[in-house]
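Down below is the structure, laid out as structure tokens.
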Amino acid sequence: MQSSPESYNQRFIDAKCCVIIPTYNNCTTLEGVINGVLSYTKNILVVNDGSTDLTDSILERFTFLNHIKQAKNKGKGCALQSGFERAIALGYTHAITIDSDGQHFVDDIPKFLDALKEHPASVIIGARNMEQASVPGKSSFGHKFSNFWFWFETGIKAPDTQSGFRLYPLVPLKGMRWYTTKYEFEIEIIVRLAWKGV
């Protein structure tokens, strides 16, 4: 039996889980991503990382959501860090991150909730199919190198260390200071959490 949107929203509430959407100049896809996430939960934080397009006017339509506006573009890592800090301050214990460019399937969100129930202390990463013919060679190489480096540093094999579609336990992030501010933050955070035993 398929769960209703109301039951998913209750599952988010019970799990103290939110969805963080970092965004930078993705006004053509942002609204669709927000609406997609809203079909599962209202626990949404949007971090506007200094967008210069129509992002502000789109977010004005969603005044009931939590917004963070960074005055200038600081990078995805900074946007995620701001989102995590706000989520912790609001009492959430877990956060799903999803990119605002529409590359992730919002309908995979229930899979994260199911995995959270099984593994509440783990980082859970959505793995993309990087073997498709449409994936550029450079992207495929970067993907494989990132996976190798993560394994080398942690001893953990992960199929897609570059995916931004993730679920994080927030308690281990409290008080941590980060060295990176852009896309490389997504590697730093999983390596350093692995070092902490997450």
Side-chain angles (χ1 to χ4, degrees), residues 11-24 37 40-41 43-49 66 68 70 73-100 103-106 108-128 130 139 141-198:
R11 285 178 70 186
F12 270 92
I13 292 167
D14 293 344
K16 295 185 178 178
C17 184
C18 67
V19 177
I20 298 173
I21 307 173
T23 190
Y24 174 67
V37 176
Y40 295 101
T41 183
N43 296 356
I44 301 174
L45 306 176
V46 181
V47 185
N48 179 4
D49 186 27
N66 258 285
I68 300 170
Q70 301 192 150
N73 179 244
K74 297 179 180 177
K76 187 180 184 186
C78 278
L80 288 170
Q81 291 166 41
S82 296
F84 293 144
E85 287 170 13
R86 176 70 62 85
I88 291 167
L90 290 171
Y92 293 111
T93 59
H94 293 82
I96 295 171
T97 60
I98 186 169
D99 292 344
S100 65
Q103 70 167 297
H104 301 139
F105 296 120
V106 174
D108 282 338
I109 283 176
K111 295 177 183 176
F112 284 94
L113 291 177
D114 293 340
L116 169 59
K117 199 171 178 181
E118 295 289 317
H119 309 282
S122 298
V123 176
I124 299 157
I125 304 174
R128 299 163 295 173
M130 298 299 288
S139 296
F141 172 78
H143 171 261
K144 288 173 183 169
F145 180 80
S146 176
N147 290 350
F148 170 79
W149 188 80
F150 178 72
W151 168 79
F152 183 79
E153 289 290 339
T154 67
I156 299 168
K157 289 199 171 184
D160 191 358
T161 55
Q162 292 188 321
S163 171
F165 203 7
R166 302 175 174 190
L167 186 144
Y168 292 93
L170 297 176
V171 173
L173 302 182
K174 287 181 182 177
M176 289 186 76
R177 294 290 171 259
W178 309 101
Y179 300 105
T180 56
T181 60
K182 301 191 185 305
Y183 285 100
E184 66 273 16
F185 171 75
E186 290 180 301
I187 294 294
E188 178 190 356
I189 190 171
I190 58 174
V191 167
R192 292 183 60 198
L193 285 175
W195 288 347
K196 286 182 77 170
V198 176

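These figures come from a predicted structure and were not determined experimentally.
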Work out which heavy atom in [X] is nearest to a heavy atom in [Y]; give both atom names and the distance.
{"X": "Lys76", "Y": "Asp49", "value": "N-OD2, 4.0 Å"}
{"X": "Glu186", "Y": "Ser163", "value": "OE2-O, 4.4 Å"}
{"X": "His94", "Y": "Pro169", "value": "CD2-CA, 3.6 Å"}
{"X": "Leu116", "Y": "Ala15", "value": "CD2-CB, 3.7 Å"}
{"X": "Pro110", "Y": "Tyr40", "value": "CG-CE2, 3.5 Å"}
{"X": "Ala127", "Y": "Asp160", "value": "CA-CB, 3.6 Å"}

Roughly how far, to the nearest 0.5 Å, is the [atom2] atom of [Y] from the [atom1] atom of [X]?
{"X": "Ser100", "Y": "Asn48", "atom1": "OG", "atom2": "CG", "value": "9.5 Å"}
{"X": "Ile20", "Y": "Leu170", "atom1": "CD1", "atom2": "CG", "value": "6.5 Å"}
{"X": "Asn66", "Y": "Cys18", "atom1": "CG", "atom2": "SG", "value": "9.0 Å"}
{"X": "Arg166", "Y": "Ile124", "atom1": "CZ", "atom2": "CD1", "value": "12.0 Å"}
{"X": "Tyr92", "Y": "Arg86", "atom1": "OH", "atom2": "CZ", "value": "11.0 Å"}
{"X": "Lys117", "Y": "Asp14", "atom1": "NZ", "atom2": "CG", "value": "10.0 Å"}

Quick one, Phe112 with Ile98, criterion side chain to side chain contact (heavy atoms under 4.5 Å, CB included). Give me CA distance, side-chain angles, the key distance, then yes/no.
CA-CA 11 Å; Phe112 284 94; Ile98 186 169; over 6 Å; no

Using side-chain contact (heavy atoms from CB on, under 4.5 Å) as the criterion, point out the one residue from Val19, Thr97, Leu90, Ile21 that pairs with Leu45.
Leu90

Is the distance between the ring centroids of Phe105 and Phe165 less than 6.0 Å?
no

Side-chain donor-acceptor distances from residues 187-198 under 3.5 Å, at least two apart:
unit_1: Glu188; atom_1: OE1; unit_2: Tyr179; atom_2: N; d: 3.3
unit_1: Glu188; atom_1: OE1; unit_2: Thr180; atom_2: N; d: 3.0
unit_1: Glu188; atom_1: OE1; unit_2: Thr180; atom_2: OG1; d: 2.4
unit_1: Glu188; atom_1: OE2; unit_2: Tyr179; atom_2: N; d: 3.0
unit_1: Glu188; atom_1: OE2; unit_2: Arg192; atom_2: NH1; d: 2.7
unit_1: Arg192; atom_1: NH1; unit_2: Arg177; atom_2: O; d: 2.6
unit_1: Arg192; atom_1: NH2; unit_2: Arg177; atom_2: O; d: 3.1
unit_1: Trp195; atom_1: NE1; unit_2: Glu153; atom_2: O; d: 3.1
unit_1: Lys196; atom_1: NZ; unit_2: Pro172; atom_2: O; d: 2.7

Step-by-step side chain to side chain contact (heavy atoms under 4.5 Å, CB included) determination, Phe84 to Val47:
CA-CA 10 Å; Phe84 293 144; Val47 185; over 6 Å; no

Using a strict 4.0 Å threshold on nitrogen-to-oxygen distance, state whether Asp114 and Arg11 make a salt bridge.
yes

